[in-house]
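Count residues from 1 along the sequence.
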Amino acid sequence: MTTIHIEEELNLDKTYFKTIEEFQLYLMMREKDQPENYSLSDAHKKILDDRVAEADENPDGYVSLQEFKNSFKEK
């Protein structure tokens, strides 16, 4: 078993998960309960902006959203 420590106070009402997927689903469901006025921090916005700029500079290194969706249909 791996133990992960997060310094930020998360106030989780559930602390045991069988799989990482179960934990991810739990976090996504919690996210839906966020207030409507929630916004990303400036640091997170910068990360997203940097990734978009990187994709724009190197479009051959990425697939489009439609290509990504189509890849699921092919399987």
Side-chain angles (χ1 to χ4, degrees):
M1 175 165 65
T2 301
T3 302
I4 299 172
H5 297 276
I6 301 173
E7 290 185 17
E8 177 184 10
E9 182 58 51
L10 299 176
N11 296 319
L12 303 177
D13 56 346
K14 181 177 177 181
T15 57
Y16 176 81
F17 304 91
K18 290 182 181 180
T19 64
I20 191 71
E21 290 82 8
E22 182 182 350
F23 180 54
Q24 289 173 320
L25 180 60
Y26 171 80
L27 291 176
M28 289 185 342
M29 296 305 290
R30 276 189 80 221
E31 210 171 275
K32 285 176 45 177
D33 296 332
Q34 289 285 340
E36 287 186 27
N37 62 351
Y38 175 81
S39 64
L40 294 174
S41 69
D42 289 339
H44 284 129
K45 289 177 185 176
K46 181 175 180 347
I47 290 169
L48 292 174
D49 289 342
D50 290 348
R51 289 182 181 178
V52 168
E54 180 184 333
D56 287 344
E57 291 171 8
N58 183 16
D60 294 334
Y62 299 90
V63 297
S64 70
L65 178 58
Q66 191 58 48
E67 290 171 319
F68 179 71
K69 288 179 179 179
N70 290 342
S71 72
F72 287 100
K73 294 177 185 175
E74 293 172 4
K75 293 182 179 181

Using the test ring pair (Phe, Tyr, Trp, His ring centres under 6.0 Å), find all partners of Tyr16 that sit at least two apart in sequence or belong to another chain.
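For Tyr16, no residue satisfies ring pair (Phe, Tyr, Trp, His ring centres under 6.0 Å) once neighbours in sequence are set aside.
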Check which hydrophobic residues are tied to Phe17 through side-chain heavy-atom contacts below 4.5 Å, counting indirect links as well, and list them.
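In the cluster with Phe17 are Ile4, Ile6, Leu10, Leu12, Ile20, Phe23, Tyr26, Leu27.
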So which residues get pulled into Ile47's cluster when ILVMFWY side chains under 4.5 Å apart are joined, directly or through others?
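In the cluster with Ile47 there is nothing else; it is isolated.
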Using the side-chain hydrogen bond (donor to acceptor under 3.5 Å, both in side chains) criterion, which residues pair with Gln24? Sequence neighbours excluded.
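Applying side-chain hydrogen bond (donor to acceptor under 3.5 Å, both in side chains) to Gln24 gives none.
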For residues 12-26, which residue pairs pass the salt bridge (charged side-chain N to carboxylate O under 4.0 Å, His left out) check, not counting sequence neighbours?
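Listed once each, the pairs are Lys14-Glu22.
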What pairs meet the side-chain hydrogen bond (donor to acceptor under 3.5 Å, both in side chains) rule with one or both residues in residues 47-61, with sequence neighbours excluded?
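Qualifying pairs, neighbours excluded: Lys46-Asp50, Glu54-Tyr62.
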